[in-house]
Each structure stands twice: as structure tokens, then as C-alpha cells.
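Presented below is the structure to which this report refers.
Keep in mind it's a predicted model, so treat the numbers as computed, not measured. Lettering follows sequence order; numbering is per chain, from 1.
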2 protein chains.
Amino acid sequence: MPKDGSINRSRILDAAQRLVIENGFAATSVDQVIREAGTSKGAFFHHFDSKLDLGRALTERYVAADIGQLHWAMEATAEVTDPAERAVAFVRCFEDAADEIMSAQSSCLYIAVLTERQLVSNGTADLITHAIETWRADIAALIRAAADERGLDLDADALADHVFVTFEGAFLLSRSTGKPEHMRAQLRVLRRMLAASLGVED
Amino acid sequence: MPKDGSINRSRILDAAQRLVIENGFAATSVDQVIREAGTSKGAFFHHFDSKLDLGRALTERYVAADIGQLHWAMEATAEVTDPAERAVAFVRCFEDAADEIMSAQSSCLYIAVLTERQLVSNGTADLITHAIETWRADIAALIRAAADERGLDLDADALADHVFVTFEGAFLLSRSTGKPEHMRAQLRVLRRMLAASLGVED
DNA sequence: TGTTAAACAGACTGAACGGTCTGTTTGTAT
DNA sequence: ATACAAACAGACCGTTCAGTCTGTTTAACA
């Protein structure tokens, strides 16, 4: 048996993720990735069939981490029994973590992937859609419960999707202005608007 | 004097805009653009110094149209005297126009531009930031007036930015899922949350 | 300790890229 | 008519790209 290739594979993915988020997918070359990862062409094409396959693998890993964050915030607010209050607390989780998130990554991989037509039409975007639907299902369940309890009439699915929308929109706003603090501000706006919509006072 | 080059220049910009929004900037080649525009390399580099210069020109034109839409919606709601109600009506303008917007363009040029590092660091992103700030100023003025009248404590600038955030986030949501109807749904969510925040009843 | 197959290195290739250059067309002003 | 400069066409060039190919290294197991 040979040596463990997963370490090198991870290094390639790490380097590629940084480069793709910063420069875009098409603007990132395989040579750049292997240079940054300190490896070779042979290693790269041993682990990935093609550059598009790298994009898919990159997205797969990113989606898993993304869904991990969803579950983390859900568990962190499990103690809050009232669903409306929990929904607000859920958003507050990310608001509190916003600065940390933005220092770890200046933008989001999803934006780079969804920009590239090749990745959208080869099924990589479907992985992102799966993440979106997972977030939607969990959050909409909270919102539906809150709406039932409080007799509110609202589109739970669309409201749930607005969390994703706020994240991605705020990433773009931060990227354009060069001000990462927009993420925190936008999550705060979302939380306060959500609280107002669900009738939760601050 | 020679013939009018602005027609050809516009055709190049039109073709480039479609291709860049659909495929991304780096993934769009100059040859593709001139083929689609039915012109030549000579014409292209007569009108634009480089591919990056095309990106800048593309963004300049797009920003002008974007600010045009802002002004259109402001004028269309000029009759509404109450600032809070006008802010809600302003969002409703775009909600009503959502399907039309999405059939004209499946995504937003800003996303493609902000994905590309070269365009962010060469100043093209600053043009987008100018659009963002123009929207912010106009909308925040409405919100501040509404907040004053109704004694509300809220971050008018961040709330105003959330319109941009919702647009861009919804573009990405639509792009990933392949469902343009998300734009309308997200603008509806924004309108209803904004109404709840400002104390405007539907 | 020799065998084996995965892991890796790096020179190489053909195609595609952005950009250049030379020459031709176009319309207007004289 | 002719001069002229902007508008345009397309062959061409050096570079970079994704991907290939040949050979070497690595570590578990017989």
C-alpha cells in the first residue's frame, strides 16, 4: 500500500478554495493551485479527473461544512422553546459569528461556482441547491411553527430562503466595498426585521 | 470622418454582457464576444484597450442603467407622501417588475465582476460601490424620515443596503435552483419585513 | 526483503488565449 | 476628385492553459 494521499488531496482543496474564492474559478489555473499547495501536476490529476472535477469536489466539501454550520446553530438554540424566539436566536448566532466568518473567508465559494456556467450546467450547482434546501427545510419548520402559534400569515419557505439570500448578498456587498463589517450589519438587519415580522420584541 | 463606431461598440457591449453574465468574465473570451457581436478583433481593440477595459466599460454602462432603475422607482412612488409607505411602495415596484427583470437577465453583472479578482483590484468594483452608495443614500433618506416620524430606532443605512443584498442574493438563489420566480418571492419577503419593521400595514 | 499498487513528480503537447500589426474600407470635409 | 483619419478586418505571435505520459517514490504485505 502507498502513502496516504488524502493529506495531499486536502492541501490541494485548501489552496484551490482560497484561490477560487479570491480570483474566481476560471481565473484560477491548475498550475497556480499546485504551486500554492506545494505539489505537482501528477498529484493533481491523480486526485481529480479534471479541473471541473476539482470544482465539484471543492463544492461538495464546502456544502458539507455549510450544512454543519446550520446544524451547529440549530443545536446552539435548541434550548429556546418558543419557535419565533428561536428563529431570531438562530440568526443572532451568525450575527455574533459574523466577524469571525469574514476573517476566515472574504467571500463565499458559492458565488464563484454560480458565476461559472460550466459548473452550473454540469451539476455542481445542484450541490449548492441541496444546501439551500437543507437550510430552507430546517428554518421554515421553525417559522411555520411560529406562524401557527401566533396566527401569522407568511411565506415560510421564502422567509427561510432569505437567510441564504442575506448571507450571499452581504458577501457581495462586503466584497465590493472592501468592508467585511457589512456582514454583521446585514445579519442584524435580518434579525430585527424577522423579529418584527414574527412579533418578537428585542 | 469615418462611420459611426458607437453602434458597433454597443453591439460588442451587448454581446459581452450576455456572455459575461451567463459564463463569467474570465470564462468569456474576446473571440467569443466578437463572434457573437459579428465583428472583428480589429474593431474590438479599437474600442477597448484590453479585455479588462471591456469589463470596466461593461460595468460603467450597467451601473448607469441600475441607477436609472433606482430613479425610476423613486419617481414612480413620488406621489406617496408618507415616507414609510413610500419605502414599501418602492420595494413593491421591483416586486411587480421582478418577472420582467428575470426574463431580461438570468443573473446580474455585478456578481460576475465581483467574482473576478482582477476587476475588483483594478477599480471596476468601485463603480459598483458607487451604485450601491447611490441606492443607499436615496433609500436611507426615506427610511430615516419614516423612523423620525414614527419614533423608530433602526440602522437606516444597513436597512437601505438590504435592498441591494436582497437583489443579489435572490439572483444567486435563482441561478442555483434555476427558478427565476425566487426573485419575486424574495422581494415580497423584503417588502413584508420592511412593512413590519416600519409599522406599515398591508 | 522483494513485490505491488497507489501516490507523486515534472517534462511535454496541442489548443486556446489576449493582444499586435498591417492593410483596407468608410464617410466627410475640402 | 482627393485627402484624411477613424473604423474595421483578419492573419499572426508569444504565452498560458488543461491535460497526458513516462518514470520514480512510498509503504503495507507476502
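Tested against Y110(A), the residues T59(A), D66(A), T115(A) include a single side-chain hydrogen bond (donor to acceptor under 3.5 Å, both in side chains) partner, D66(A).
For the pair S29(A) and dC17(D), the criterion of a side-chain N or O lying under 4.0 Å from OP1 or OP2 is met. Residue T39(A) places at least one side-chain N or O under 4.0 Å from the OP1 or OP2 atom of dA9(C). OP1 and OP2 of dG18(C) both lie 4.0 Å or more from every side-chain N or O belonging to S50(B). Within the 4.0 Å cut-off from OP1 or OP2 of dA7(D), not a single side-chain nitrogen or oxygen of N8(B) is found. An OP1 or OP2 oxygen of dA7(D) is reached within less than 4.0 angstrom by a side-chain nitrogen or oxygen of H46(B). H47(B) has no side-chain polar atom (N or O) that falls below the 4.0 Å cut-off from OP1 or OP2 of dA6(D).
When rounded to the nearest whole Å, the span between CZ of F45(A) and C1' of dT22(D) equals 16 Å. Between L52(A) atom CG and dC17(D) atom C1' there is a gap of 14 Å when expressed in whole angstrom units. When rounded to the nearest whole Å, the span between CG of L119(B) and P of dG18(C) equals 13 Å. At whole-Å resolution of the value, CD in E116(A) and C1' in dA18(D) are 14 Å apart. Distance CD1 (I34(A)) to P (dA11(C)): 11 Å, rounded to an integer number of Å. Note: CZ (F48(A)) to P (dC8(C)) measures 11 Å, nearest angstrom. For the pair D31(A) CG and dT13(C) P, the interatomic distance rounds to 16 Å; values are reported in whole Å. For the pair I12(B) CD1 and dG19(C) P, the computed distance is 14 Å after rounding to whole Å.
Comparing G42(A) and F25(A) along DNA chain D, the residue whose closest nucleotide (by nearest heavy atom) sits nearer the 5' end is F25(A).
At most 12 non-hydrogen atoms from other residues, nucleotides or ligands lie less than 6.0 angstrom from CZ of R117(B). Residue Q118(B) qualifies as open at atom CD: its count of foreign heavy atoms under 6.0 Å is 12 or below.
Between H162(A) and H162(B), a ring centre-to-centre spacing shorter than 6.0 Å is recorded.
Within the 4.5 Å cutoff, side-chain heavy atoms of M74(B) are placed close to those of I139(B).
Between the base of dG19(C) and the side chain of K41(B) there is a donor-acceptor pair shorter than 3.5 Å.
Across dC8(D), dA9(C), dG18(C), the shortest atom-to-atom separation from the side chain of S40(B) is found for dC8(D).
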